[in-house]
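Order of appearance sets the numbers: ligands from 1, and atoms from 1 within every ligand. Keep in mind that what you see is a predicted model, and the values were worked out from it rather than measured.
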Amino acid sequence: MADTLNSAQMDAVHHLGGPCLVLAGAGSGKTRVITHKIARLLQADYAPSQIAAITFTNKAAQEMRERAKALIGPRAAKDLVVSTFHSLGVRILRTEGERLGLKPQFSILDSDDVLGVLKDAGGSSDNALARRWQWTISLWKNQGLNADSVEPQNDDERIAQQVMKRYEERLAAYQAVDFDDLIGLPHQLFQRDDEARAKWQNTLRYLLVDEYQDTNAIQYELLKSLAGERAMFTAVGDDDQSIYGWRGATIENLRRLPNEYPQLKVIPLEQNYRSTGHILRAANAVIGHNPKLFEKKLWSDLGDGDPVQVVECDNEEHEAERAVARIQSLRAQGGALVNAGGQGGEVAFKDFAVLYRANHQARVFEKALRRAEIPYKVSGGQSFFDRAEIKDLCAWLRLLVNNDDDPAFLRAVTTPKRGIGHQTLGALGEFSKRFKTSLYEALFAESLGTVLNARAIGSLHEFGRYVNDLEYRARHTSGSEDAKALLLGWLKDIDYEKHLYEGEDSEKLAASRWTNVLDFVDWIAKRCGGEIENDGGATFETEKKTVLDVAQTISVIISLAERGDEQDVVTLSTLHASKGLEWPHVVLAGVNEGLLPFKSDDDEMTPERLEEERRLMYVGITRARRTLAVNVLRRRKKGRDTVQAIPSRFIGEMKLHEAKSKEDPREKLRLLREAAAKRAAQADVKP
Ligand SMILES: Nc1ncnc2c1ncn2[C@@H]1O[C@H](COP(=O)(O)OP(=O)(O)OP(=O)(O)O)[C@@H](O)[C@H]1O
Ligand SMILES: [Mg+2]
């Protein structure tokens with residue numbers, strides 16, 4: 001079973017004579033075709049290093065490599081080029097940079113860096129404005145334009161064009177590139193340098209592209225240059241899952257392919273191996289409301305399974321509680337709600353995902369999961385423990401727990417800055433390396449005077465003594481009131497609130513960071529008081545803990561979270577980041593008008609946008625293998641207000657008439673009676 005392919009999948013895997021497009025719905029095994037095709041290519045005498053498989057995210061690349069490894073063994077898998085478009089771009093630029101006037105050690109700016117350069121280039125410290133520039137410039141670049149070729153349509157665009165010009169000059173001076181350049185520059189190179197193009201066409205002789213529907217115009221061009229005349233490639237995709245239109249991805253790429261490659265073999269896949277019948281029918285019903293680009297069918301022989309549940313919730317908090325309760329009860333019941341259908345058994349935390357439209361929706365779920373002590377990770381967005389301010393404070397707590405934690409030391413000593421500069425820390429680092437001690441230990445060494453002056457040593461000692469003292473107090477303080485006083489005192493000592501306000505242009509943002517900090521303090525203090533909240537929000541008591549004990553627990557939670565993916569944890573993810581993935585149990589959060597389909601007050605809902613939102617809903621539904629809960633809020637938060645919430649139009653579009661909530665005891669009874677009657681009827685017809 002693990003290695004089988006159906007006949008259409010076989011056709012796709014064995015078609016090696018020319019370009020191939022697998023155009024098929026969700027869960028039909030497109031990604032599986034890619035991994036199997038890698039194995040097939042190796043048999044056909046391609047060397048691993050000549051095969052490039054391109055995925056949409058680093059995580060997908062990692063997974064693809066793992067799956068390939070299982071099929072072809074670790075040695076061959078090592079040399080495969082499995083990467084995202086961006087990391088393929090880095091690979092090309094590192095070798096060819098010189099032809100583009102880039103030093104081999106050029107730097108790559110992340111989104112925050114870019115924002116900084118743009119503010120500088122545009123002479124403005126306005127974050128929101130700089131973000132708009134960033135957005136516009138990125139869209140231009142993804143259309144293959146530069147500051148000279150842009151044709152601005154209005155005043156805003158004229159200004160953005162000027163900023164772009166200065167931005168380009170600065171990047172050239174810094175020997176830096178941004179994410180868009182990682183694709184744009186190789187593309188430009190291949191346009192004008194036949195030798196470089198020929199070289200790479202010979203290096204990467206077969207290309208496989210997953211999630212082809214979400215490529216943009218430049219990525220298409222890059223693929224085309226790499227594929228060249230030989231056109232040896234396989235692309236797999238699903239137009240119904242195109243969800244990055246807002247970022248310049250274009251479905252045109254699917255339409256162009258058959259025109260530009262008349263020899264293209266197009267292979268549909270129709271069997272869905274992922275989801276049970278109820279889930280698949282709901283998905284098909286929803287996407288049926290979009291105009292069809294390509295006719296596709298999708299069926300499953302996994303049985304009906306459990307009906308899709310619409311879960312009505314009073315508000316966001318209630319929604320999160322119900323999600324937690326659902327996780328707990330599914331685990332207790334072994335997976336299936338009514339008809340186990342052979343699918344029951346152990347249910348792990350990693351079998352669950354909660355998917356939502358907007359990042360901020362994660363927050364209440366995180367809170368509820370933390371309260372229920374259910375481990376989770378947030379993908380495609382920020383987890384509470386990933387927030388800069390919480391990381392700052394955690395660094396301090398980690399340092400108290402383990403003085404020799406060097407990364408924690410570095411973060412704490414510079415947060416907030418206390419006159420201990422890079423030079424001092426550099427010298428301390430050298431010293432600690434030479435004597436094989438931790439930074440903290442080095443700080444108190446007698447001979448430190450040989451590398452640092454008295455003033456620097458004075459500041460370091462002051463910091464060290466403070467950490468010592470705080471640690472002592474943390475070890476001896478328990479009970480929520482005292483813990484809270486201790487923690488607030490510490491924040492005051494290090495002047496953390498001021499640090500936040502100084503580091504943030506927007507006061508609103510600083511205030512929200514400070515609220516996070518206070519939430520965090522409360523959370524620790526409650527634990528010190530031996531107060532644990534259960535999922536109903538009620539509290540019960542355990543024994544009191546010291547601040548240091550709780551800090552220790554936090555250190556463990558963080559290191560677990562850092563250990564990554566193999567962990568048995570619930571996934572919280574945006575719909576966008578869930579693409580290509582699957583879970584046995586999925587909860588779709590906040591399926592309400594305004595949230596999904598998403599609409600803010602000042603933007604207009606065009607038919608195109610609505611269609612893209614519907615595709616997102618389709619992606620969400622089709623992530624589920626066994627059970628799907630669709631949450632609908634009665635009321636929801638909107639800014640500071642709470643407003644009446646309207647169920648999403650997508651709920652009606654799922655056509656779930658028969659699927660009533662089985663959490664309703666009457667409905668439960670009805671189902672039991674129905675099952676009993678069915679059994680009786682079957683018994684009757686037996687001879
Ligand atoms: N022939 C097959 N036999 C058994 N299981 C299969 C087969 N083909 C695919 N599967 C399984 O079905 C699930 C979906 O496959 P896969 O992820 O490749 O689909 P996909 O078309 O890439 O989906 P998406 O559109 O969501 O990316 C996976 O668990 C996969 O292992
Ligand atoms: Mg896939």
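Taking CG of Leu16 as the start and NZ of Lys265 as the end, the distance is 11.5 Å to the nearest 0.5 Å.
Looking at Lys30, Arg274, Glu582 and measuring to atom 21 (O) of ligand 1, the nearest heavy atom belongs to Lys30. Distances from atom 22 (O) of ligand 1 to the heavy atoms of Thr31, Leu269, Leu302 show the closest one on Thr31.
Within ligand 1, counting atoms from 1 as listed, the ones closer than 4.0 Å to a heavy atom of Arg623 are 26 (O). Atoms of ligand 1 found under 4.0 Å from any heavy atom of Asn6, numbered from 1 in the order shown, are 1 (N).
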| ring-ring contact (aromatic ring centres under 6.0 Å, His included) between Tyr618 and Phe650, intermediate numbers included | CA-CA 9 Å; Tyr618 175 75; Phe650 300 149; over 10 Å; no
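Using a 4.5 Å cut-off on side-chain heavy atoms (C-beta onward), Leu21 and Leu254 make contact.
For the pair Asp238 and ligand 1, no heavy-atom separation below 4.0 Å is found. In this structure, Lys579 has no heavy atom closer than 4.0 Å to ligand 1. Using a 4.0 Å cutoff on heavy atoms, Leu5 counts as a contact of ligand 1.
Looking at Arg67 next to ligand 1, no N or O pair under 3.5 Å apart turns up. Not a single N or O atom of Gly580, backbone or side chain, sits closer than 3.5 Å to an N or O atom of ligand 1. Checking only distances, Gly27 does come within under 3.5 Å of ligand 1, N or O to N or O.
Ring geometry, Phe365 versus Tyr356: the interplanar angle falls under 30°, so the pair is classed parallel (tilted spans 30 to 60°). Ring pair Phe56/Tyr244 is tilted by interplanar angle, where 30° to 60° counts as tilted.
If you look at Gln271 next to ligand 1, there are no close heavy atoms at all, none under 4.0 Å. At a heavy-atom distance under 4.0 Å, atoms from both the backbone and the side chain of Thr4 approach ligand 1.
Taking the six-membered ring for Trp, Phe352 and Tyr376 have ring centres at least 6.0 Å apart.
At distances below 3.5 Å, not a single donor-acceptor pair connects side-chain atoms of Glu211 with backbone N or O atoms of Ser242.
Residues Glu613 and Lys599 are not paired through a salt bridge, judged by the lack of any N-O separation under 4.0 Å between the basic side chain and the carboxylate.
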